[in-house]
Protein chains: 2
Amino acid sequence: MHHILIVDDHPMMAIGLQSIAKTVIENSTFTLAYTFTEGLDALAKQPADLLILDLAIPGTRGPEMIDSYRAVQQDVRILVCSGRDELMNAPICLHRGANGFLHKNSFDGEAVTAIRAVMENKKYISTKVKDAMLSNLMEGKAMQTDPAASLTPREREVLGLLLTGKWLKAIAEELNVKISTVGTQKNRIFKKMKVDNIIDLAKKFWYLEEKTADHL
Amino acid sequence: MHHILIVDDHPMMAIGLQSIAKTVIENSTFTLAYTFTEGLDALAKQPADLLILDLAIPGTRGPEMIDSYRAVQQDVRILVCSGRDELMNAPICLHRGANGFLHKNSFDGEAVTAIRAVMENKKYISTKVKDAMLSNLMEGKAMQTDPAASLTPREREVLGLLLTGKWLKAIAEELNVKISTVGTQKNRIFKKMKVDNIIDLAKKFWYLEEKTADHL
DNA sequence: GCGACTGGTAGTAATATTTCGATTTATGTT
DNA sequence: AACATAAATCGAAATATTACTACCAGTCGC
């Protein structure tokens, strides 16, 4: 008898995952949660054998979420399921303590493999990620990191506001700093992210946009 | 006995939809397709009673897809299921001949309602969209169709270049006009599209973008 | 032929942004 | 304590964009 908690802000995706998990783990019960805090509460109320976690749920900053859930139940198996760039995020999540990383574009066969592996206390990453990590290793390159990892907290804050389409003036007012300050931050963000214009920046962080697109 | 075709590039989302549809329509068979052409082929091979269609699948231009499927089977019920801006896209899709529009963030209850309505040959849109359309109507505004319909050819050309992130200067050189001219066009585009900044503009035309998010 | 309208084009002044370099503050090291 | 470093801030000049207005060439209806 196993209990599985699925945290995903897309209910239909959660149901898809549940449907797949049911075929892998017999005799299982499920809780579906649709926000970060809802998920935390659910885990606090009932320990889970498996936590399937969407990275991109609103009000969170991605991989850091893993820590929060581990803090509630230290030994929970965590399978991150994200639509964000796999090559970038899988290593980050595993490094942060996840047991597996499953891309949302994966076919159900891969989902089955991932769930099975994690339930057997093994780590799971896709072959694609394994290969990439291996070839990075052989070329002596450091592991792929979050593109925003090199940004300072303040820069990330400005990044978020820039992606809402706000003007520098509005951002400056919101943050209570001078416009020139925001200009400098924007400049540094562009340089660090190796982009030249706001459109390319937005594309790099398209996955953050999906949430906002709903209430245009 | 009903046959249902689900076209979505996220297999797990497709499974979620299937799982929900199963509870609504008894005695149903399913085909899941993961690309636009796969979907077309599947429909050509076996007529469907219901087509659940994701708008954002790669290699397509959004709502126009509806025409392609109707060309294969004129009387198929089409329920569009998209994660993008509902207020804008739902009217467009229905105007183009879809039978319903379901947002991907909807809860399963709404999905059930939507599927049931469409299967009963009724139209389905969310209350949110209904309200918005109604208030538009009362204010005498026309129903939203193609957002770019009101743009002139030249404006569309500039729009395309703007969405690649090019600066006015580069666009002006490319089109062999003065920067001020491009500035004017941009201004008119912004006004017509009722946006204030390039990010919101890009969001309005998300379906022109190749699905960059997944392979960044 | 004559307004009225549309599409494409610019000029200009007001605003916004980029791009420097420089200062301040906090933190960690020796 | 002295020093180095990273983060955040800001001023000012150089550029770029926006918000106007205006002009001209077609086109349509009459």
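Keep in mind that what you see is a predicted model, and the values were worked out from it rather than measured. In what follows, chains are A, B, ... by sequence order, proteins preceding strands, each numbered from 1.
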(message) Strictly below 4.0 Å, N to O, side chains only: are K104(B) and D54(B) in salt-bridge contact?
(response)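 Between D54(B) and K104(B) there is a salt bridge, with a charged N closer than 4.0 Å to a carboxylate O.
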(message) On DNA chain C, does the nearest nucleotide to K191(A) precede the nearest nucleotide to K169(A) from the 5' side, or the other way round? Give the residue.
(response)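 The 5'-side residue here is K169(A).
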What is the separation between atom [atom1] on [X] and atom [atom2] on [N], rounded to the nearest whole Å?
X       : N       : atom1 : atom2 : value
L175(A) : dT9(D)  : CG    : P     : 8 Å
L162(A) : dT17(C) : CG    : P     : 10 Å
L168(A) : dA16(D) : CG    : P     : 16 Å
K178(B) : dT18(D) : NZ    : P     : 19 Å
W167(A) : dT18(C) : CH2   : P     : 12 Å
R154(A) : dT25(C) : CZ    : C1'   : 14 Å
K166(B) : dT17(D) : NZ    : P     : 14 Å
I198(B) : dT17(D) : CD1   : P     : 10 Å

Go through the side-chain N and O atoms of [X] and [Y] and say whether any donor and acceptor fall under 3.5 Å apart.
X       : Y       : value
E110(B) : Y124(B) : yes
H10(B)  : N105(A) : yes
H103(A) : S82(A)  : no
D75(B)  : Q73(B)  : yes

(message) Using side-chain heavy atoms (C-beta onward) and a distance below 4.5 Å, is Y34(B) in contact with V7(B)?
(response)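 Y34(B) does not reach V7(B) side chain to side chain.
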(message) Just so I know, are the side chains of E155(B) and K192(B) near enough to count as touching, which here means a heavy-atom distance under 4.5 Å?
(response)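 A side-chain contact exists here, since the closest heavy-atom pair is under 4.5 Å.
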(request) Work out which heavy atom in C93(B) is nearest to a heavy atom in I66(B); give both atom names and the distance. (result)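 Nearest pair, atom of C93(B) first, then I66(B): O-CD1, 3.7 Å.
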(message) Testing the basics here: between D8(A) and M13(A), what is the closest heavy-atom pair and its distance to 0.1 Å?
(response)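 Result for this residue pair: OD2-CG, 3.3 Å.
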(request) May I ask you to list the residues of residues 179-189 of chain A, by number, that have any heavy atom positioned under 4.0 Å from an atom of DNA chain C? (result)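 G183(A), T184(A), K186(A), N187(A) - these, ordered by number, are the residues of the stretch whose heavy atoms sit under 4.0 Å from the strand.
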(request) Mind grabbing the angle between the end helix axes of the helix from dG1(C)-dC30(D) to dT30(C)-dA1(D)? Five pairs an end, 10° rounding. (result)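 Inter-axis angle at the termini of the helix from dG1(C)-dC30(D) to dT30(C)-dA1(D): 30°.
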